[in-house]
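To start, the structure under review is shown below, and the notes come after it.
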Amino acid sequence: MTQDSVDAVVARIRRVYSRWRRDTPVSQMRADWDALFDVEIDAEVEPVDAGGVPCHWIRPARHRTDAVIVYLHGGGYRVGSVASHRDLMARLATAAGVQVIGIDYRLAPEHPLPAAIDDAVAVLDWLEQIGVAPERTAVAGDSAGGGLAVSAILSRLKDGKSRPAAAYLMSAWTDLTASGVSYAERAELDPIHQRHLIQAMAQGALGPDGATDDPRWSPLRAPRELLSRLPPMLLQVGERETLVSDTVDFAALAQAEGVPVQFEIWPGMIHVFQQFARDLPQAEEAIAAGGRFIAAHLGSAAKIE
């Protein structure tokens with residue numbers, strides 16, 4: 001049954017969290033998180049230096065070579081990597097028929113925000129420099145990576161650069177203040193992420209002097225004129241998430257500014273359920289929808305391998 005499958009996934013996540021203490025080294029936390037998602041994938045993986053930022057190409061057996069999905073992993077800006085998200089990226093690449101470049105952006109606490117944003121922007125700039133047109137580029141991300149995807153797009157728009165063709169965001173963290181109503185209304189539904197944990201992750205990502213309401217990393221608070229220039233977006237979030245407001249409020253704000261936005265609340269699902277496609281059929285369905293959305297906005301293929 002679906003509920004049993006979700007409960008099993010939650011138990012696996014909790015086993016990882018339960019091993020962490022205040023004195024657990026961040027290196028151990030990162031290794032534990034990567035190990036949780038250590039599975040074989042059906043795609044070619046190739047490291048690449050993208051404008052000085054370490055990345056990996058994820059290429060399924062058949063894919064477009066004239067277009068790219070830029071992927072930004074989640075993990076609260078503290079954990080997560082291309083390794084922890086290879087399976088999700090490979091599935092998205094297959095669903096869209098498009099190669100993915102996964103960014104191993106710098107993490108806190110060694111590199112507090114805006115380091116991650118700078119890295120994401122650098123990769124988008126690099127792709128344009130090597131001849132990948134923005135209209136052949138999509139951006140995707142989950143959790144912190146979803147918010148980071150929007151922040152990177154807004155940063156480029158602020159500098160007068162082109163927007164990508166589309167954005168696909170999963171459980172996007174768009175407001176580091178954690179002030180949305182869902183943090184209270186869905187607290188009993190969410191088995192993992194409560195407001196105090198989200199607030200602690202935000203401060204850890206920023207360092208002691210960072211302001212959580214800064215629009216550079218809380219895109220829900222970005223200027224409306226800038227938001228109006230965002231590309232078409234698909235946002236997905238699980239019903240059992242305290243972060244539902246981060247999706248619903250951001251989608252409503254972007255829609256009010258004329259941005260084509262679709263958002264979906266998936267019944268019974270948890271935070272970034274798409275990472276558990278081997279366990280949850282809903283995850284496969286959601287990724288397939290994300291792949292179709294991206295493919296539709298990238299236009300017809302000019303070259304396929």
Side-chain angles (χ1 to χ4, degrees), residues 9 12-13 15-17 19-20 24-60 68-94 99-124 126-127 139-152 168-173 192-193 197 201-202 204-206 217 271-278 283 287 290:
V9 165
R12 285 165 53 198
I13 298 170
R15 281 196 294 272
V16 174
Y17 280 8
R19 295 199 295 267
W20 296 348
T24 302
V26 69
S27 58
Q28 184 61 57
M29 296 168 68
R30 291 170 184 164
D32 290 345
W33 198 245
D34 286 355
L36 179 61
F37 305 100
D38 186 14
V39 297
E40 293 290 328
I41 66 168
D42 187 19
E44 173 192 347
V45 180
E46 178 188 352
V48 61
D49 181 312
V53 180
C55 298
H56 284 75
W57 288 110
I58 311 292
R59 296 185 174 110
V68 177
I69 301 170
V70 178
Y71 197 91
L72 295 151
H73 68 79
Y77 294 108
R78 186 178 180 90
V79 302
S81 68
V82 168
S84 65
H85 284 67
R86 277 197 190 113
D87 186 54
L88 199 166
M89 289 189 291
R91 289 173 184 272
L92 179 59
T94 299
Q99 59 190 341
V100 169
I101 187 167
I103 305 179
D104 261 327
Y105 57 85
R106 289 171 291 171
L107 298 173
E110 302 96 317
H111 305 285
L113 289 168
I117 300 171
D118 293 342
D119 287 352
V121 170
V123 173
L124 288 166
W126 175 80
L127 286 170
V139 180
D142 65 279
S143 193
L148 175 56
V150 181
S151 292
Y168 169 43
L169 313 175
M170 294 157 269
S171 300
W173 191 16
I192 301 169
H193 296 109
L197 174 61
M201 287 198 304
L206 293 168
W217 40 75
H271 188 65
V272 196
F273 63 95
Q274 296 88 342
Q275 267 196 288
F276 300 93
R278 291 172 185 260
I287 295 168

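The figures here come from the full heavy-atom set of this structure, side chains too, leaving out hydrogens, waters and symmetry mates.
Minimum heavy-atom separation, Leu72 to Leu148: CD2-CD2, 3.7 Å. In this structure, Ile101 and Cys55 approach most closely via the heavy-atom pair CG1-CB, 3.7 Å. For the residue pair Gly52 and Pro54, the shortest heavy atom distance occurs at O-CD, 4.0 Å. Minimum heavy-atom separation, Val121 to Ala152: CG2-O, 3.8 Å. Here the shortest heavy-atom pairing between Ala144 and Gly75 reads CB-N, 4.4 Å. When all heavy atoms of Leu36 and Arg12 are compared, the pair lying nearest together is O-NH2, 3.8 Å.
A heavy-atom distance below 4.5 Å is found between the side chains of Trp126 and Val48. Side-chain contact between Leu113 and Tyr77 is present, with heavy atoms from C-beta onward closer than 4.5 Å. In this structure the side chain of Val9 never reaches within 4.5 angstrom of the side chain of Phe273, judged on heavy atoms. At least one side-chain heavy atom of Val53 sits less than 4.5 Å from a side-chain heavy atom of Ile103. With a 4.5 Å cut-off on side-chain heavy atoms, Ile192 and His271 do not count as touching. Between Trp173 and Met201, some side-chain heavy-atom pair lies under the 4.5 Å cut-off. Counting only heavy atoms from C-beta outward, the side chains of Leu107 and Arg78 never approach each other to under 4.5 Å. For the pair Arg91/Ile41, no side-chain contact is recorded, criterion being any heavy-atom separation below 4.5 Å from C-beta on.
Here the NE2 atom belonging to His85 is positioned 8.5 Å from the CH2 atom belonging to Trp33, to the nearest 0.5 angstrom. One distance of note links CD of Gln275 with OG of Ser143; it measures 9.0 Å at 0.5 Å rounding. In this structure, CH2 in Trp20 is found 4.5 Å from CE in Met29, a value given to the nearest 0.5 Å. Put simply, OH on Tyr105 and NE2 on His111 are 13.0 Å apart, with the number rounded to the nearest 0.5 Å. With rounding to the nearest 0.5 angstrom, the CZ atom of Arg86 is 7.0 Å from the OG atom of Ser81. The OG1 atom of Thr94 lies 13.5 Å from the CZ atom of Arg59; values are rounded to the nearest 0.5 Å.
Between the Asp142 side chain and the Met170 main chain, no donor and acceptor come within less than 3.5 Å of each other. At least one donor-acceptor pair under 3.5 Å links the side chain of Ser171 to the backbone N or O of Val272.
For the ring-ring contact (aromatic ring centres under 6.0 Å, His included) test, residues two or more places apart in sequence or in another chain that qualify with Phe276 are Phe37. His56 is linked by a ring-ring contact (aromatic ring centres under 6.0 Å, His included) to nothing, counting only residues two or more places apart in sequence or in another chain.
Here the options are Val139, Ile58, Leu92, the test is side-chain contact (heavy atoms from CB on, under 4.5 Å), and the partner is Ile69; only Leu92 passes.
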Exercise. Take Trp57 and Gln99 through the side chain to side chain contact (heavy atoms under 4.5 Å, CB included) test and state the conclusion after the steps.
Key: CA-CA 7 Å; Trp57 288 110; Gln99 59 190 341; 3.9 Å; yes

Exercise. Apply the test salt bridge (charged side-chain N to carboxylate O under 4.0 Å, His left out) to residues Asp34 and Arg30: give CA-CA distance (whole Å), side-chain angles for both, the deciding distance (0.1 Å), then the verdict.
Key: CA-CA 6 Å; Asp34 286 355; Arg30 291 170 184 164; over 6 Å; no

Quiz prompt | Full working for side chain to side chain contact (heavy atoms under 4.5 Å, CB included) between Val100 and Val68 | solution = CA-CA 6 Å; Val100 169; Val68 177; over 6 Å; no

Quiz item: What do the steps show when you test Leu88 against His73 for side chain to side chain contact (heavy atoms under 4.5 Å, CB included), and what is the final call?
Solution: CA-CA 10 Å; Leu88 199 166; His73 68 79; over 6 Å; no

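Annotation for Glu40: atom CD does not count as buried by contact number, only 12 or fewer foreign heavy atoms lying within 6.0 Å.
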